[in-house]
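What you see is a predicted model, and the numbers here were worked out from it, not measured in a lab. Just so you know, ligand 1 is whichever comes first in the structure, and atom 1 is the first atom listed for that ligand.
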Amino acid sequence: MPSTREPYLTAKLQGFGTTIFAEMSMLAVATDSINLGQGFPDTDGPREILDAAIDAINSGLNQYPPGPGMAVLREAIAAHQSRFYGVDYRPGDEVLVTAGATEALAGALLGMLDTGDEVLVFDPMFDSYAPCIALAGAVARTVLLRPPTYAFDPDELRAAVTSKTKLILLNTPHNPTGRVFTMAEMQCIADLAIERDLIVVTDEVYEHLAFDGAPHISMAALPGMRDRTLTISSGGKTFNTTGWKIGWLCGPAPLVQAARTAKQFLTYVNGGPFQPAIALGLGLPDSFFHDVAANLQAKRDRLLPGLLDAGFIVYPTGGTYFVTVDIRPLQPDGDGMAFCRALPHHCGVVAIPNEVLYANKAEGRHLVRFAFCKQLSVIDEAVARLKTLGNRAH
Ligand code: PMP
Ligand code: GLN
């Protein structure tokens, strides 16, 4: 983050600069590197979903969809939540379609937070959380996820709640750590939310990307949580359609209403012809959802040993697109930002410095994130390139 003041930028966003994903993806293109930075797959999702979008365009679904999203998609989202988590929502006023999970998060935070409110959030966190909290005039109170397991300390969680805390912002499976929160962890968060009367906003974009048979636990499914939880997800990760930006949120009507009020002034609506296509995807059989996780797990299992061989300390990952490593065996000063800026030039691979995803920068300085949502041949080539790093003089 730049330390200099940007003259035209609002004080609320000073220091947030350009997102690391934009910077690193530009660097990948400029250096013709393999991009294991920004998380996006390099293969298409199911043909029938792509065809459904093409059919929608050809059949004239090219004007504004309804404000809350097309009924067919809201119904498919409600059916999906019921099928996978046993939580029922009314498609009419308890489901809202958004421009990706990014807008769902922005709508929820801007729609619910007042100046001075506190948000309890785990550190590290996805890059849009901190700026959205800042734009709302609210304050983030962080609870650290520590490697190697990235579990949190329940006492630290409880200690972070104050009389100003309004909501807990949760992400499982978690970007960038790959942590899939356990039932005990989810229950601990739920107990605290109920005891202190807090809202939970839960970002579940990797809900179908949990590995090793571990179940994804949806917070709204825990006893007493449905009516204080806003659940956010997106079709991007599950269906390899990150560029379509079809996301959603579900929750009790008053929470959805608050988020919708903000959301309608951000984009109003988006992605008309993609909405029926994602609706079709959400209704695919269980085998599809099982295979998505199994395929990605195989990619994880290809990249992890390669990163170990290349000399990194590699932390386990139970879900998402991502694995995190400690770079210090290869870069003794532990400067992850410098490491990632030099990596494309040294060996033609791009990664993300975790420091930018931390509120407590020092905790993430030596950690770097690699994405494995790529073809096995691409992963193999990236590993071969990374193995040449050890030959360089430090
Ligand atoms: N939350 C998390 C944890 C993410 O990793 C991402 C990135 N894809 C998003 C939200 C944003 O999702 P979308 O692309 O649907 O806006
Ligand atoms: N979710 C992706 C990641 O974490 C990219 C999101 C983005 O570019 N905003 O890499």
Side-chain angles (χ1 to χ4, degrees), residues 16-29 35-42 45 69 73 77 96-109 121-133 145 150 169-181 201-210 216 218-219 230-249 259 263 266-267 270-271 274-275 278 281-282 296 317-324 340 350-358 364 367-374:
F16 287 109
T18 302
T19 85
I20 195 67
F21 303 117
E23 178 186 341
M24 288 298 164
S25 285
M26 269 167 57
L27 193 58
V29 172
N35 190 351
L36 303 188
Q38 190 179 28
F40 60 90
D42 61 354
L73 178 55
I77 293 164
L96 175 67
V97 177
T98 57
T102 307
E103 194 198 33
L105 285 157
L109 296 170
V121 60
F122 295 94
D123 196 21
M125 69 191 91
F126 181 59
D127 79 328
S128 78
Y129 295 3
C132 282
I133 292 167
L145 302 175
Y150 290 112
L169 178 51
L170 172 68
N171 169 216
T172 180
H174 183 264
N175 177 7
T177 66
R179 175 80 184 175
V180 179
F181 283 62
V201 174
T202 166
D203 175 349
E204 304 184 11
V205 298
Y206 299 103
E207 61 188 315
H208 292 294
L209 307 181
H216 164 67
S218 191
M219 179 53 91
L230 207 47
T231 303
I232 290 175
S233 193
S234 146
K237 320 293 162 171
T238 305
F239 305 117
N240 290 20
T241 53
T242 61
W244 288 9
K245 295 295 273 190
I246 300 298
W248 53 86
L249 53 82
K263 177 264 183 303
L266 296 173
T267 57
N270 77 298
F274 300 126
Q275 294 194 17
I278 295 295
L282 289 170
L296 200 60
T317 176
T320 74
Y321 285 164
F322 308 115
V323 55
T324 60
C340 288
V350 162
I352 296 292
N354 285 18
E355 178 180 317
V356 299
L357 305 175
Y358 276 82
L367 301 172
V368 161
R369 188 192 86 178
F370 289 93
F372 47 77
C373 47
K374 305 293 173 184

Open item on the list: So, using side-chain hydrogen bond (donor to acceptor under 3.5 Å, both in side chains) as the criterion, who are the partners of S218 when residues are at least two apart?
Closed with: E204
Open item on the list: Test your reading of the structure: does Y129 have an N or O sitting under 3.5 Å from an N or O of ligand 1?
Closed with: no
Task: Which atom of P173 lies closest to which atom of A210, heavy atoms considered - done: CG-CB, 4.4 Å
- [ ] Run the numbers for me: atoms of ligand 1, each under 4.0 Å from some heavy atom of N175, listed by number.
- [x] 3 (C), 4 (C), 5 (O)
Task: Minimum-distance protein heavy atom relative to atom 4 (O) of ligand 2 - done: N175 ND2, 2.9 Å
Task: Pair L169-L109, side-chain contact (heavy atoms from CB on, under 4.5 Å): steps then yes or no - done: CA-CA 9 Å; L169 178 51; L109 296 170; 4.2 Å; yes
Task: Shortest non-hydrogen contact between P41 and T242, atoms and distance - done: CD-CG2, 3.9 Å
TODO: Fit a plane to each ring of Y206 and Y321, take the angle between them on a 0 to 90° scale, and name the class: parallel (under 30°), tilted (30 to 60°) or perpendicular (over 60°).
DONE: perpendicular
- [ ] Please confirm whether G100 comes within less than 3.5 Å of ligand 1 when only nitrogen or oxygen atoms on both sides are compared.
- [x] no
TODO: Find all atoms of ligand 2 within a distance of less than 4.0 Å from any non-hydrogen atom belonging to Q38, and give their numbers and elements.
DONE: 5 (C), 7 (C), 8 (O), 10 (O)
- [ ] Report yes or no: does K237 have a heavy atom closer than 4.0 Å to ligand 1?
- [x] yes
Open item on the list: Give me the nearest non-hydrogen protein atom to atom 1 (N) of ligand 2 as residue plus atom name, then the distance to 0.1 Å.
Closed with: K237 NZ, 3.3 Å
TODO: Considering only non-hydrogen protein atoms, determine which one is nearest to atom 10 (C) of ligand 1 and report residue, atom name and distance to 0.1 Å.
DONE: D203 OD2, 3.4 Å
- [ ] Calculate, to the nearest 0.5 Å, the distance between atoms CG and OG1 belonging to N354 and T324 respectively.
- [x] 6.0 Å
- [ ] Can you pull out the closest protein heavy atom to atom 15 (O) of ligand 1? Residue, atom name and distance to 0.1 Å, please.
- [x] S234 OG, 2.7 Å
- [ ] Please state which part of F126 comes within less than 4.0 Å of ligand 2, counting heavy atoms only: side chain, backbone, both or neither.
- [x] side chain
Task: Heavy-atom gap Y321 to ligand 1 smaller than 4.0 Å - done: no
TODO: Starting from atom 16 (O) of ligand 1, find the nearest protein heavy-atom neighbour and note its residue, name and distance.
DONE: T102 OG1, 2.5 Å
TODO: Please report the shortest heavy-atom distance between S128 and L105, naming the atom on each side.
DONE: OG-CD1, 4.0 Å
Task: Proximity of A101 to ligand 1 by residue part, where a heavy atom lies under 4.0 Å - done: both
- [ ] Below 4.0 angstrom from a heavy atom of F322, which ligand 2 atoms are there? Numbered from 1 as shown, please.
- [x] 3 (C), 4 (O), 10 (O)
Task: F122 and F181 aromatic centres sub-6.0 Å - done: yes
Task: Residue part near ligand 2, for I352, under 4.0 Å between non-hydrogen atoms - done: neither
- [ ] Write out the residue and atom name of the closest protein heavy atom to atom 10 (O) of ligand 2, then the distance separating them to 0.1 Å.
- [x] R369 NH2, 2.6 Å
Open item on the list: How close do I232 and A101 get, counting heavy atoms only, and between which atoms?
Closed with: CG2-CB, 3.8 Å
- [ ] Give the contacting part of Y321 toward ligand 2: side chain, backbone, both or neither, where contact means a heavy-atom distance below 4.0 Å.
- [x] neither
- [ ] Considering non-hydrogen atoms only, spot the tightest contact between P124 and T177 and give its length.
- [x] CG-CG2, 3.8 Å
Task: T267 backbone acceptor or donor facing E103 side chain under 3.5 Å - done: yes
TODO: With side-chain contact (heavy atoms from CB on, under 4.5 Å) as the test, would you mind laying out the steps for T317 and Y150 before giving the verdict?
DONE: CA-CA 9 Å; T317 176; Y150 290 112; over 6 Å; no
TODO: Ignoring hydrogens and angles, tell me if any N or O in the side chain of Q275 forms a donor-acceptor pair with the backbone of N270 under 3.5 Å.
DONE: yes
- [ ] Decide whether an N or O pair under 3.5 Å exists between G39 and ligand 2.
- [x] yes
Task: Y206 neighbourhood, listing ligand 2 atoms whose heavy-atom distance to it stays under 4.0 Å - done: 1 (N)
Open item on the list: Checking a contact table here: which protein heavy atom is nearest atom 7 (C) of ligand 2, and how many Å away?
Closed with: F21 CD1, 3.6 Å
Task: Minimum side-chain heavy-atom gap I246-T241 below 4.5 Å - done: no
Identify each donor-acceptor pair in which a side-chain atom of residues 367-374 lies under 3.5 Å from a protein atom, sequence neighbours left out, and give them as a table.
residue: R369; atom: NH1; partner: N175; partner atom: OD1; Å: 2.7
residue: R369; atom: NH2; partner: G37; partner atom: O; Å: 3.0
residue: K374; atom: NZ; partner: F40; partner atom: O; Å: 2.6

Open item on the list: Heavy-atom distances under 4.0 Å decide this one: backbone, side chain, both or neither, for M24 against ligand 2?
Closed with: neither
Open item on the list: Check this for me - ligand 1, N171, N or O atoms closer than 3.5 angstrom, yes or no?
Closed with: no
Task: ligand 2 to D127 polar contact by distance, N or O atoms, under 3.5 Å - done: no
Task: Heavy atom of the protein closest to atom 14 (O) of ligand 1 (residue, atom name, distance) - done: K245 NZ, 3.3 Å
Task: V205 and ligand 1 - part of the residue with a heavy-atom distance under 4.0 Å - done: side chain
